[in-house]
Amino acid sequence: MSKKAAVKVIEGKTEEAIVGFLKSLLEKGVVEGIMVPKPLPSKDGFVQTLIRNPEMLNGVAILSPTMPVQSARVISSLSVKNLDKKIAAVMKACEIRAAVELAKFLQVKPDHLYLIGIDCPGTFEVPDYAKMAQEGKGGEALTKALLQGTEKGEISPPSGYAFRTACQMCEYPVPQADIVLKLYGYKADQEIGVEIGDKLEKEIEEKGILSFSENEPASRNEVVNKVIADRTKKRDALFQEFKGIVKDLQSFLDRFSTCVRCHNCMVACPICYCKECVFKTAVFEHDGDQFLRWADRKGEIRMPTDTLIFHLIRMSHMVTSCIGCGLCDSACPSRLPVATLFRSVGDRVQKMFQYVPGRDTAEVPPVATFKEDELKIESAAL
Amino acid sequence: MAEFEPRIVAFLCHWCTYTGADLAGTTRQQYPPNVRVVHLMCSGAVDSIYVLKALIDGADGVLIGGCHPGDCHYQTGNYKARRRVAILKGILQQMGYTEDRVLLKWISASEGKLFADTVTKMVDDLKKMGPNPMKQLWNA
Amino acid sequence: MAQEKIRGNKNSALVVGAGIAGMQSALLLAEMGTKVFLLEQGPAIGGYFPLLDKTFPTNSCGVCFMSPTPPAFCPIYECHLHDNIELLPYSEVVKVEGKEGDFNVSVVRKPRMVDPKRCTLCEACVKVCPVEVEREFGGGLEKRKAIYLPFPQAIPHSFVIDPKTCTRCGECVKVCGPGAIDLNMKEEQEEIEAGAIILGFGFEPFIAQRKGEYGFGRYENVLTSIQFERLLSTSSPTQGLPTRVSNGKKMEKIAFIQCVGSRDPSCGQNHCSTICCMYATKQAMIAKDRSPGLGVTFFYMDIRPMGKDYERYYERAKTEYGIEYIRSAVSSIKEVQQTKNLLITYVKEDGTFEEREFDAVVLSVGFTPPQAIKDLAGRMGLQLNPQGFCQTGEFSPAHTSIKGIFVGGAFRGPRDIPETVVEGSSAAAAAASFLAPNRLPHVAKEYPVEGALGDEIPKVGVFLCHCGEALKKSLSIPDLVNGTKQLREVVHVEEVGLACLPEDLDLIKKRIGEQGLNRIVIAGCSHREIRGAMEEMAKGIGFNPYLIEYANIREQCAFVHEGYPKLATEKAMALIRAGVERARRSQPIRTGKQAIDKKGLVVGGGLAGMTASLQLAQQGYEIYLIEKGKELGGNLRESFYTLKGSNPQNLLNELIKQVGANPSIHLYSEAEVLGFEKKNGHYRTKIRHQNEEKVFDHGALILATGGKEVTPKEYLYGEDSRVLTQRQLDKMIHSNDQGLKDIHSLVMIQCVGSRDAEHPYCSRVCCGHAVMNALKLKENNPDMNIYVLYRDVRTYGFYETYYHDARGKGVIFMRYDLENKPKVTLQGGNLQVSLFDPAMNSPVTLSADRVVLSTGIEPNDHRELAKIFDVDLNPDGFFMEANPKSAPLDSVDRGKFFCGLCHSPNFMEDVISQGSAAAARAGALLSKETVEEKAYQAYVIKRLCCGCGLCVETCPYGARVLNEEEGKAEVIGSLCQGCGSCVIACRNAASQQRNFEKDLNLAALDAVMD
């Protein structure tokens, strides 16, 4: 069972209080490095930064409202080969869920990693934030507004802006991590909650970093449930809307016809962990006359030929593990609703196996196992 | 216009269904020639790529034949195939493939008649369903 | 008798009867390098097995797992394929001369009148044959011609003429294209020389007419279980739907009557046929699968599902399938005239009568010995038991009364397939041990070295076989030839007549040389038919056989699309295109060979372990025998007599003596297994022995780690010393305990620690054990009142006769239900047993001087061992087999075997069979110098591999490992069976399968789509 604690915030400086806590982790040797988002020098964006010197933690942006890369990919490269020092990483809920999935595929080695999650109010598209920053709507002002919103679960983006679609429909605002920094239900200018998981609770207590108490604002559960309910509603509405737009093959192809086959969605996707995609291998090399035969059969063929099959195959590979971070959407130059597509198929397929991606590393992904007594093929389900 | 003749691609496992299809031949179980067989070692060796590619390239139906549960010559390949097909169907539904164009069927080496009947029924069903919607997009 | 040939030698074996047992013996002996003649009286091998569609307790077929080298086809086909097996179908043994080690057997080969080499199964003959008779296996419901295919998969795969009904009209000869028919073919006599003979004559079903009261033969809707089995087969005329014979309508309500020709001295059948309860239950379940609304009622005396996992099966039948079982005796069956329904009158357990109406009745017929055996046995001097089955010693179950002649399977008495497989194996072990001293070194065939292929551009030669004109009816061969000529990299296309015959094979050989062909496509019959001949030809000229592709335009095209010449030709073209595309991309495969460590390691020195060790040692292998106790013997040490009258202590002493005297057996007692690893198919086991760690390399592992008596937790056991177990009673009887004299009344309670929630299986031996002790006690003191409180009496097979005896001697059997278990109480210092007696329909109280609990058997705690050796346990803690039907003693990882009580509860004679059978399976592996790896192995393109481990996870054979250092997956060639599931688990094609590469499969797909 995890242990609860609270971190006092002095003079309303919430991020400083959290930084103080992170510093103590480094100083007391709980970890030897912390990866945390830091503002770019230009102040119009953020980037994950690996820090070993506690002093360098000053000025980090715990609540960075963008997600330029999926941090799960970053900790994959960090941990997969010969990481023998303890490292903590501050990540968003969806990034942690992606990391859990990657751990199942041995692409994240969790042995020396502590994941620190923070209640997520939502994130903005990277260009949107840059614009916000230029307009003076970013930075501290934004952080303050978001932190105010989390108390009651009523968060509104600066006027003229919206959270990323994936965030609007994300039912996991509260991360499951080794350390969770809790905002929902808290008056964040006075105190925020901390929850320490099994892996660390003993050490944190012994080193006197925190003292545990089960106290928690009475409203927290309610607020969290409200946020989840709001987003679930949004999700269902988006699914419904998507179903209206993509209802058959023709409409699907119409909607995705502007795909430029840049494979950015694949590059951004944390679950697509292959070093080299199958589409770049011999599997999709053909004789020249094969193309001509296809053209004969189909009257004409669009070139390149593998646009549709790319999306479908990618989906068959990762849809059971799709955690809905939506970075594929963000990465798409043609603004295709890739994330909504993957989420709505994912929803159906994951339910089939009662599988919740990103929940627990002990769960086996549906593609890696089977049951003898399931999915009767005589029934309509198959 | 001539009646629509569906094209079926069948991925058959070496030990059971392929042998069952052979038995259909030995026993002269007649079935329509709409099916083209691709021989694989196990139903568990049918990649989603093959099935999707077949559909995209105009197969009106895809049949995957494997050993009955408990009879897989490789212990569990058929169960893996079953999951794969389930996931595929979830994807295809979103694409508007609401009908059963992908059929997974357990047919043993001694079930020649079942193989013939399965193909016959599949051809009938596909005739009712009409061509693979993919083909409407062609300019052929 | 036209001519005489002598074949075979002192090292060869003759297996008579090619049913499950015979095929199993033959396959194992052949695998061990023995030349085997497999003789079958019928025109095709397989015995009764081809009749079966689904088998219990898996409700699948699965008999293919029987092969010693899985994955494999049906054993029928595997026997046909094996280099060391020569089939003698349609043959009979007429005379056996000589003695052990040197038999001369005269065999009559009946004339088939059709040459299997030339017959193309074109069926022209069938169409013109005017003679129609009843089909074998058709149960009288199907017809065939005088020229016929015995069953669709028949091996030899050829038509045959039934000489008894053939009128010699000659019509078939006129229409036979390849000239395969010769009506003047004469019976031939052959002499076979063999060092050992195995008898697998099997059984025959009881003739239901002999029980006239059930109306079989008179009432249309009364069927035998044999007929019903056929009806349920998917290849039956109704495709497996149970329909009434009288009107073809779907059956709605059927009854099974059990023990027809079993447990019935009135028709000379005093034995229990052992498997009818299970096969009938299976038929009922399958029938309900096919026709869910079907009502099924069983009328039975005792239900006897006593094999491994059978009790669960029976429970499933009752609870999941809603099959009704009524304990009763059927007194009459009458037909209702108009409906042809059947009225069954039966006596219930409490003596009252009832009547029920059914629309069909299935008689679960028992089994008799084969009728023809009597004469032959007489001529050979072979001893039969009183029931007419083969007589064997209790402790030498594979040995007949004649030295050098062995037996397995149902010829010893009715038994199920797993036991038959076990006994077929144990007979092979006995024969192999017997033949071993003279065995010649196994000489592999020599082939020329293969030419290098290098990076040559593919030159594909396509040979289109029209199968003796047979394909020309449906296909336009010229169109196919022209079409094929257009294909990329095809340099030669030629039409041939019968590619399987030497003439055409020679032609293909010639073309390979002339044209420099480096890839071949054979378009014609299924690869299953022609691959053997082609590969032999290819190897003979150093052409890698994996560069030959087969386009199946016969079975999967011409034969099945007779009405569509144009479309069929188009399809054939597509199949040829796919063959060419595959061929262009295929690469030569040189299968790796894995050296075998020709040693075995046996864990457990009880009856099973010692038997297995001795058998293997006699076959010539070194054995490490690991025993955790101080002494050998295990449970056998506690056994003093048997129901059949043998002396287990003599056996114990004999075995210990033999183990001690055998220089090939290295015994380590008081030893403990510490670790086990598997490297390239070799095993390495670490043990601690006398405080010293020892490491052994070996090629086979046999686990014989035993079981134990369940310790009772009820019936005052442990509280009152007068409550004891059967084993404790054994000791009293054996030591002639004085206490026995004072016993006037003794109550035995059955199923203590069996068939309950904690042990949901039948322990198989306890009923026999109780009957044995009851008889012993009665023998010493006929006045003793003995009560046996039972749930079902399961004295199967010939044990039934002892049960019958016990009842005759006044032992009282009273039934109880699990819901209403007997209670043992103390009344004024005396033991009292109270129960509800269903026969009296009232409570009964028995006072008892002793209460004896018939305790079940549970496995020793094997969890640790299972983990060490990487094998599975079933929910009851017994080791789990690869297939409960046909590989009952094998683990999935070939090379590990189970036998004895760690596998399942069994009588000593069955444990001996299992021990020898495990030795045979292990011996088949150890006999070779090397094991050839599978051809279509998986491999890894390391550059692409991300080390995600999905392939490792999915591989059922442990053939995939992650190289931790590199973070990449690897394939262990010796373990890979070539299923390709790892290929599919891999997302980016880093994982591939030789000649089934993804691009190759996709090219084939593209080719068939065009």
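Residue numbering restarts at 1 for every chain, and letters A, B, ... go by the order of the sequence lines. Remember, it's a predicted structure, so these values are computed and weren't measured experimentally.
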Which of the residues [options] is involved in the greatest number of heavy-atom pairs with chain C at under 4.5 angstrom?
options                     : answer
B:Ala116, B:Ser108, B:Ala21 : B:Ala21
B:His73, B:Glu111, B:Met41  : B:His73
B:His68, B:Glu5, B:His14    : B:His14

Which answer fits [X], side chain, backbone, both or neither, if we ask what part of it has an atom under 4.5 Å from a heavy atom of chain C?
X        : value
B:Val37  : both
B:Pro32  : both
B:Gln29  : backbone
B:Arg7   : side chain
B:Val35  : both
B:Leu114 : neither
B:Asp117 : side chain
B:Ala109 : backbone
B:Thr76  : side chain
B:Cys72  : backbone

Got a second to check how far [X]'s [atom1] is from [Y]'s [atom2], nearest 0.5 Å?
X        : Y        : atom1 : atom2 : answer
B:Leu40  : C:Cys979 : CG    : SG    : 11.5 Å
C:Gln556 : B:Leu12  : CD    : CG    : 6.5 Å
C:Cys955 : B:Gln75  : SG    : CD    : 10.5 Å
C:His527 : B:Tyr18  : NE2   : OH    : 4.5 Å

Quiz item: Given the rule in the side-chain contact (heavy atoms from CB on, under 4.5 Å) test, do C:Asn552 and B:His39 qualify, once you have shown the distances and angles that lead to the verdict?
Solution: CA-CA 10 Å; C:Asn552 186 340; B:His39 167 232; over 6 Å; no
Decide yes or no for [X] and [Y]: does some side-chain heavy atom of the first lie under 4.5 Å from some side-chain heavy atom of the second?
X       : Y         : result
B:Asp71 : C:Lys885  : no
B:Phe11 : C:Asn1001 : no
B:Trp15 : C:Cys64   : no
B:Asp47 : C:Val983  : no
B:Asp57 : C:Leu1005 : no

Part of [X] within contact of chain B (heavy atom distance under 4.5 Å):
X        : value
C:Lys998 : both
C:Tyr957 : side chain
C:Leu121 : both
C:Tyr936 : side chain
C:Pro152 : both

Quiz item: When you look at B:Arg28 and C:Cys122, which way does the side-chain contact (heavy atoms from CB on, under 4.5 Å) test go after all the steps?
Solution: CA-CA 9 Å; B:Arg28 305 300 197 283; C:Cys122 71; 4.1 Å; yes
Quiz prompt | By ring-ring contact (aromatic ring centres under 6.0 Å, His included) - contacts of C:Phe151 (at least two apart) | solution = none
For chain B, find which of [options] contributes the most heavy-atom pairs closer than 4.5 angstrom.
options                                : result
C:Cys74, C:Ser526, C:Cys982            : C:Ser526
C:Val63, C:Ile984, C:Val1008           : C:Ile984
C:His157, C:Arg554, C:Gln977, C:Gln153 : C:Gln153

Got a donor-acceptor contact below 3.5 angstrom from the [X] side chain to the [Y] backbone?
X        : Y        : answer
B:Lys80  : C:Thr954 : yes
C:Arg528 : B:Thr19  : no
B:Arg84  : C:Ala985 : no

List, one per line, each side-chain donor-acceptor pair under 3.5 Å for residues 558-567 of chain C, sequence neighbours excluded.
from, atom 1, to, atom 2, distance (Å)
C:His561, ND1, B:Tyr31, O, 2.6
C:His561, NE2, C:Lys571, NZ, 3.0
C:Lys566, NZ, C:Glu570, OE2, 3.3

Exercise. Name all residues meeting the salt bridge (Lys or Arg N to Asp or Glu O under 4.0 Å) criterion together with C:Asp1006; count only those two or more places apart in sequence or in a different chain, and write none if there are none.
Key: B:Lys53
Practice problem: Please list, in residue-number order, every residue in residues 987-997 of chain C that has a heavy atom less than 4.5 Å from any heavy atom of chain B; write 'none' if there are none. | Solution: C:Gln993, C:Phe996
Self-check item: Considering all heavy atoms, the nearest B:Gly70-C:Asn883 contact
Solution: O-ND2, 3.9 Å
Quiz item: Closest approach of C:Pro71 and B:Tyr74, non-hydrogen atoms and distance?
Solution: CG-CE2, 3.4 Å
